[in-house]
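To start, the structure itself, in structure tokens.
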Amino acid sequence: MHRLSQKLNFSFERKGLMFVLSSPSGAGKSTIARHLLQEEPRLSLSVSVTTRKRRPNEIEGTDYLFKSKNEFDMVREGNGLLEWANVHGNFYGTPLEPVEQAMAEGRDMLFDIDWQGALKIFERAPADIVSVFILPPSIAELKNRLIFRAEDTKDVIDERLENARNEIGHWIDYDYIVINDDLDRAFSEVKSILQSERLRRDRQVGIGNFISDMLT
Ligand code: ADP
Ligand code: 5GP
């Protein structure tokens, strides 16, 4: 059984998917994304470009590609971005080339982007996107997490909380909603969504040959 399923997973030609995680800031999407990347070797993170200042714990090229506004504009004007948006007063964008490469190779990509980015990708590639919105259990808990994370100033935290209500209003645009109360449960729910979406018939493009072989 195990050998058969291994063969199924690795020998079929398959179509990659774009797995989008969004949430109001502080709800836990980066934490869930990190766990997912550790457990899923066939998933790679889309590293965004941003004009936001680097936080002390962030690594250039791993968390973001940090750019000045001029550099960001040059990438955008050169059609180097799949999508871009102004979020909390900073610019963020998804580099196009790594996504095209992953899709061409049948690999999956993970996007930690906001609702504006999710909508733009949906417009460009509706069949390939699977979107998950992560909700906090309450606004009070969201505030606690932003304070506990201790990476933003009080003004930035206040601005993010202010924006959270607007962001939460976009839940309706997503395929799946996960409430991140207990982290282990939320993570396992997100992982199940990814695993199920990988098994969709239209993503297993090589399955027809397998079935033909089986029947002859
Ligand atoms: P986001 O990427 O959505 O802005 P983070 O992943 O950075 O949020 O999480 C914000 C803070 O909340 C972090 O300190 C993280 O460790 C913590 N956190 C994440 N999920 C939970 C949870 N289920 N319960 C308690 N704290 C959590
Ligand atoms: P942060 O500054 O906390 O890392 O991210 C702020 C917000 O910007 C988050 O909601 C995050 O998902 C979003 N974001 C990060 N990268 C991108 C991107 O490339 N495009 C879009 N549209 N949003 C992004």
Side-chain angles (χ1 to χ4, degrees), residues 18-38 45-67 72 75-76 80-99 109-124 129 131-153 155-171 173-174 177-190:
M18 303 188 189
F19 198 60
V20 171
L21 291 184
S22 302
S23 76
S25 186
K29 72 185 161 316
S30 306
T31 307
I32 291 173
R34 222 172 15 249
H35 287 265
L36 210 53
L37 290 162
Q38 274 161 8
L45 178 68
S46 162
V47 179
S48 298
V49 288
T50 183
T51 60
R52 169 168 74 63
K53 279 211 166 63
R54 191 175 68 81
R55 295 179 183 138
N57 69 333
E58 287 178 328
I59 301 169
E60 161 74 26
T62 301
D63 296 293
Y64 280 108
L65 298 156
F66 295 94
K67 305 269 181 218
F72 185 94
V75 180
R76 184 170 53 82
L81 299 178
L82 174 62
E83 61 76 35
W84 62 274
N86 184 331
V87 190
H88 312 306
N90 294 302
F91 290 88
Y92 296 82
T94 300
L96 177 61
E97 206 242 275
V99 181
M109 275 220 124
L110 177 64
F111 299 83
D112 172 341
I113 59 176
D114 83 329
W115 63 271
Q116 305 173 80
L119 275 182
K120 285 182 201 155
I121 295 185
F122 179 78
E123 280 161 15
R124 287 183 70 162
I129 182 171
S131 60
V132 183
F133 196 73
I134 315 275
L135 276 175
S138 66
I139 297 289
E141 173 61 13
L142 187 68
K143 185 174 181 179
N144 286 341
R145 288 185 193 171
L146 284 170
I147 294 168
F148 174 80
R149 187 168 71 181
E151 280 169 5
D152 299 306
T153 61
D155 286 353
V156 170
I157 290 179
D158 287 347
E159 189 191 2
R160 287 181 176 225
L161 278 172
E162 196 59 39
N163 291 341
R165 287 169 199 279
N166 175 37
E167 288 169 27
I168 289 173
H170 292 279
W171 67 276
D173 296 325
Y174 286 76
I177 311 291
V178 168
I179 299 176
N180 179 18
D181 187 357
D182 175 74
L183 180 59
D184 288 343
R185 206 208 56 226
F187 172 62
S188 100
E189 288 175 355
V190 171

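Just so it is clear, the structure is predicted and the values come from calculations on it, not from any experiment. Each ligand, and each atom within it, is numbered from 1 in the order the structure gives.
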For Leu183, the ligand 1 atoms whose distance to one of its heavy atoms is below 4.0 Å: 20 (N), 23 (N)

Numbered atoms and elements of ligand 1 in range of Ser23, under 4.0 angstrom, heavy atoms: 3 (O)

Arg54 side chain vs Tyr64 backbone, donor-acceptor pair below 3.5 Å: no

Test item, Ile134 contacting ligand 1 (heavy atom, 4.0 angstrom): no

Donor-acceptor contact below 3.5 Å, side chain Lys120 vs main chain Leu82: no

Interatomic spacing from OG in Ser46 to CZ in Phe111 - rounded to 0.5 Å: 4.5 Å

Short N or O distance, Ser30 and ligand 1, threshold 3.5 Å exclusive: yes

Closest to atom 6 (O) of ligand 1 among Ile32, Asp112, Leu21, Thr31 (heavy-atom distance): Thr31

Under 4.0 Å to a heavy atom of Ser25 - the qualifying atoms of ligand 1, by number: 4 (O)

Side chain to side chain, Phe122 and Ser131, heavy atoms closer than 4.5 Å: no

Review item, side-chain donor-acceptor pairs of residues 23-37, under 3.5 Å, at least two apart:
{"residue": "Ser23", "atom": "OG", "partner": "Lys29", "partner atom": "NZ", "Å": "3.4"}
{"residue": "Ser25", "atom": "OG", "partner": "Arg160", "partner atom": "NH1", "Å": "2.8"}
{"residue": "Ser30", "atom": "OG", "partner": "Asp112", "partner atom": "OD2", "Å": "3.2"}

Side-chain donor or acceptor of Glu58 paired with backbone N/O of Arg55 under 3.5 Å: yes

Numbered atoms and elements of ligand 1 in range of Gly28, under 4.0 angstrom, heavy atoms: 1 (P), 3 (O), 5 (P), 6 (O), 8 (O), 9 (O), 19 (C)

Shortest reach to atom 24 (N) of ligand 1 by a heavy atom, considering only His35, Arg55, Arg145: Arg145

Polar atom proximity, Asp181 to ligand 1 (N or O, under 3.5 Å): yes

Protein heavy atom at shortest distance from atom 20 (N) of ligand 1: Asn180 ND2, 3.0 Å

Donor-acceptor pair, side chain of Thr50 and main chain of Phe91, under 3.5 angstrom: yes

Donor-acceptor contact present, side-chain Gln116 to main-chain Asn86, <3.5 Å: yes

N or O contact, Arg149 vs ligand 1, cut-off under 3.5 Å: yes

Member of Asp181, Ile168, Val178 meeting the side chain to side chain contact (heavy atoms under 4.5 Å, CB included) criterion with Leu135: Ile168

Short N or O distance, Phe148 and ligand 1, threshold 3.5 Å exclusive: no

Those protein residues which place at least one heavy atom below 4.0 Å from ligand 2: Lys29, Ser48, Arg52, Arg55, Tyr64, Glu83, Ala85, Val87, His88, Tyr92, Gly93, Thr94, Asp112, Ile113, Asp114, Gly117, Arg160

